[in-house]
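Down below is the structure, laid out as structure tokens.
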Amino acid sequence: MTLTITLLCTHAPQGMAQSKDPLDQSKENMRLWLETSQKRQAEENSWKADQEILSNYKEGLLTEKAAYQKQIEEAKQRAQAADQQSSDKINQRDQLIAAEKALASHLRSLEEEFAKQISFLPTPLLKMPKMAVGIETLKKNLSQPADQQSDDVGKRSANLTEMIAEVEKFQQNITVSNELHKNAAGQEYNMQVVYFGIAAAYAVNEDASFALVGSPKPDGWKFNERNEIAADIKKLIITATTEKDISFTTLPVPTP
């Protein structure tokens, strides 16, 4: 079953009358529904575009890896067949070294760029086994000079590709996890947190007295207290985890 959650932040102006004419209310509801549909479509279009870019990026990396590995293997075969004293062997050796250096240099730049994005990834994704091992391996290699990295380019390419695939899978799903968060007074709560991919998160405690809205920042995910929407977040999590009370839930979209 596919669950679609529409997020919309609405604020009633101060002093607005508590009751409306039924026709006016129906018009307002229709306006909000259209606006919500437009925003949902925009978000879906944006995600599809991002997904296509990531998919093309991954395919390009795999293609480039295969091409470089083919060049290396061909260079090795030529070197083994050539006379060790001939100029052909010297040229082939130089080509092999150049290909290995080119691939290693390009891969290192990709690894460094991915490492910069780790802070934007949510905790549940970082704790997944493949991601945890992949990030540990990545950081270990990046802590060494480029010419002293312990893993060869094949293993490093596979490690980077697997992590990108994990991020893509997480982005396509809604994930609910249990986490500890503190309120402004420093009191800690065990909370359920629902993540919409790597874009936004909503958290609430057991009795819906404390709620948070989270979003990714350059220095990690930040959660802001929003107790006034605790009941709505609770309703959302019940729907996401039990598939009961299926309905639209209006929640504020965190700013980037």
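In this chain, numbering begins with 1 at the start of the sequence shown.
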Problem - Separation between CD1 of Ile72 and CD of Glu74, rounded to the nearest 0.5 Å - result: 10.5 Å

Practice task
Apply ring pair (Phe, Tyr, Trp, His ring centres under 6.0 Å) to Tyr68 and list each qualifying residue two or more places apart in sequence or on a separate chain.
Solution key: none

Handout entry: Pairing residues for Ser105 by the side-chain hydrogen bond (donor to acceptor under 3.5 Å, both in side chains) criterion, not counting sequence neighbours
Key = none

Problem - Atom pair OG/CH2 of Ser215 and Trp221 - distance to nearest 0.5 Å - result: 7.0 Å

Problem - Spatial distance of atom CD1 (Ile229) from atom NZ (Lys235) [nearest 0.5 Å] - result: 13.5 Å

Handout entry: Lys/Arg N to Asp/Glu carboxylate O, Glu73 vs Lys70, below 4.0 Å
Key = no

Problem - ring pair (Phe, Tyr, Trp, His ring centres under 6.0 Å) against Phe223, all qualifying residues, sequence neighbours excluded - result: His181

Practice task
Give a yes-or-no answer on whether the side chains of Asn91 and Gln95 include a donor-acceptor pair shorter than 3.5 Å.
Solution key: no

Problem - Hydrophobic cluster of Trp47, others only, ordered by chain and residue number, side-chain cut-off 4.5 Å - result: none

Handout entry: Remaining members of hydrophobic cluster (4.5 Å side-chain criterion), Met30
Key = Trp33, Leu34

Completion exercise
By ring pair (Phe, Tyr, Trp, His ring centres under 6.0 Å), Phe210 pairs with (sequence neighbours left out) Tyr189

Practice task
Return yes if some donor-acceptor pair links the side-chain N/O of Asp21 with the main-chain N/O of Leu23 below 3.5 Å, else return no.
Solution key: yes

Exercise for the section: State, with a plain yes or no, whether a side-chain heavy atom of Tyr202 is found less than 4.5 Å away from one of Phe196. Expected result: yes

Problem - For Gln38, side-chain hydrogen bond (donor to acceptor under 3.5 Å, both in side chains) partners two or more places apart - result: none

Exercise for the section: Establish, from distance only, whether the side-chain atoms of Gln41 and Asn45 form a donor-acceptor pair under 3.5 Å. Expected result: yes

Exercise for the section: May I ask you to test the Val194-Val204 pair for a side-chain heavy-atom distance under 4.5 Å? Expected result: no

Problem - Inter-residue atom distance Ile174.CD1 - Leu236.CG, 0.5 Å rounding - result: 7.0 Å

Practice task
Please collect all salt bridge (Lys or Arg N to Asp or Glu O under 4.0 Å) contacts where either partner lies in residues 157-176, sequence neighbours excluded, each pair once.
Solution key: Lys58-Glu168, Glu166-Lys169

Problem - Test item: Thr137 and Val133 side chains (from C-beta on) under 4.5 Å apart, heavy atoms - result: yes

Handout entry: Side chains of Glu59 and Asn56 in contact at under 4.5 Å (non-hydrogen atoms)
Key = yes

Practice task
Give a yes or no on whether Leu142 and Ile164 share a hydrophobic cluster (residues Ile, Leu, Val, Met, Phe, Trp, Tyr; joining criterion: side-chain heavy atoms under 4.5 Å apart).
Solution key: yes

Exercise for the section: Report the residues that fulfil side chain to side chain contact (heavy atoms under 4.5 Å, CB included) with Glu43, sequence neighbours left out, ordered by chain and then residue number. Expected result: none

Exercise for the section: Please answer whether the main-chain N or O of Asn178 pairs with a side-chain N or O of Gln192 as donor and acceptor at a distance below 3.5 Å. Expected result: no

Practice task
Examine distances only and state if a side-chain atom of Lys65 and a backbone atom of Leu107 form a donor-acceptor pair shorter than 3.5 Å.
Solution key: no

Completion exercise
On a heavy-atom basis, the closest approach of Gln187 and Asn183 is N-OD1, 2.8 Å

Exercise for the section: Mind checking the CD-OG spacing from Glu111 to Ser109? Nearest 0.5 Å is all I need. Expected result: 8.5 Å

Practice task
Please examine the side chains of Glu225 and Asn227, heavy atoms only from C-beta on, and report whether any two atoms are closer than 4.5 Å.
Solution key: yes

Counting only pairs under 3.5 Å, give me each side-chain donor-acceptor contact of residues 115-132, with atom names and distances, residues two or more places apart or in other chains.
unit_1	atom_1	unit_2	atom_2	d
Gln117	NE2	Glu113	OE2	3.1
Ser119	OG	Pro218	O	2.6

Completion exercise
All heavy atoms of Ser177 vs all of Tyr195, minimum pair found to be OG-CE1, 3.7 Å

Problem - For Asn205, all residues meeting side-chain hydrogen bond (donor to acceptor under 3.5 Å, both in side chains), sequence neighbours excluded - result: Asp207, Ser209

Practice task
Report yes if some heavy atom in the side chain of Leu212 is under 4.5 Å from a heavy atom in the side chain of Arg226; otherwise report no.
Solution key: no

Handout entry: With sequence neighbours excluded, residues passing side chain to side chain contact (heavy atoms under 4.5 Å, CB included) with Glu136
Key = none

Problem - Ion pair check, Lys39 and Glu35, cut-off under 4.0 Å - result: yes

Handout entry: pair Arg156-Arg108: side-chain heavy atoms closer than 4.5 Å
Key = yes

Exercise for the section: Please tell me if the side chains of Met191 and Leu180 come closer than 4.5 Å, counting only heavy atoms from C-beta onward. Expected result: no

Exercise for the section: To the nearest 0.5 Å, tell me how far Gln69 CD sits from Ser157 OG. Expected result: 6.5 Å

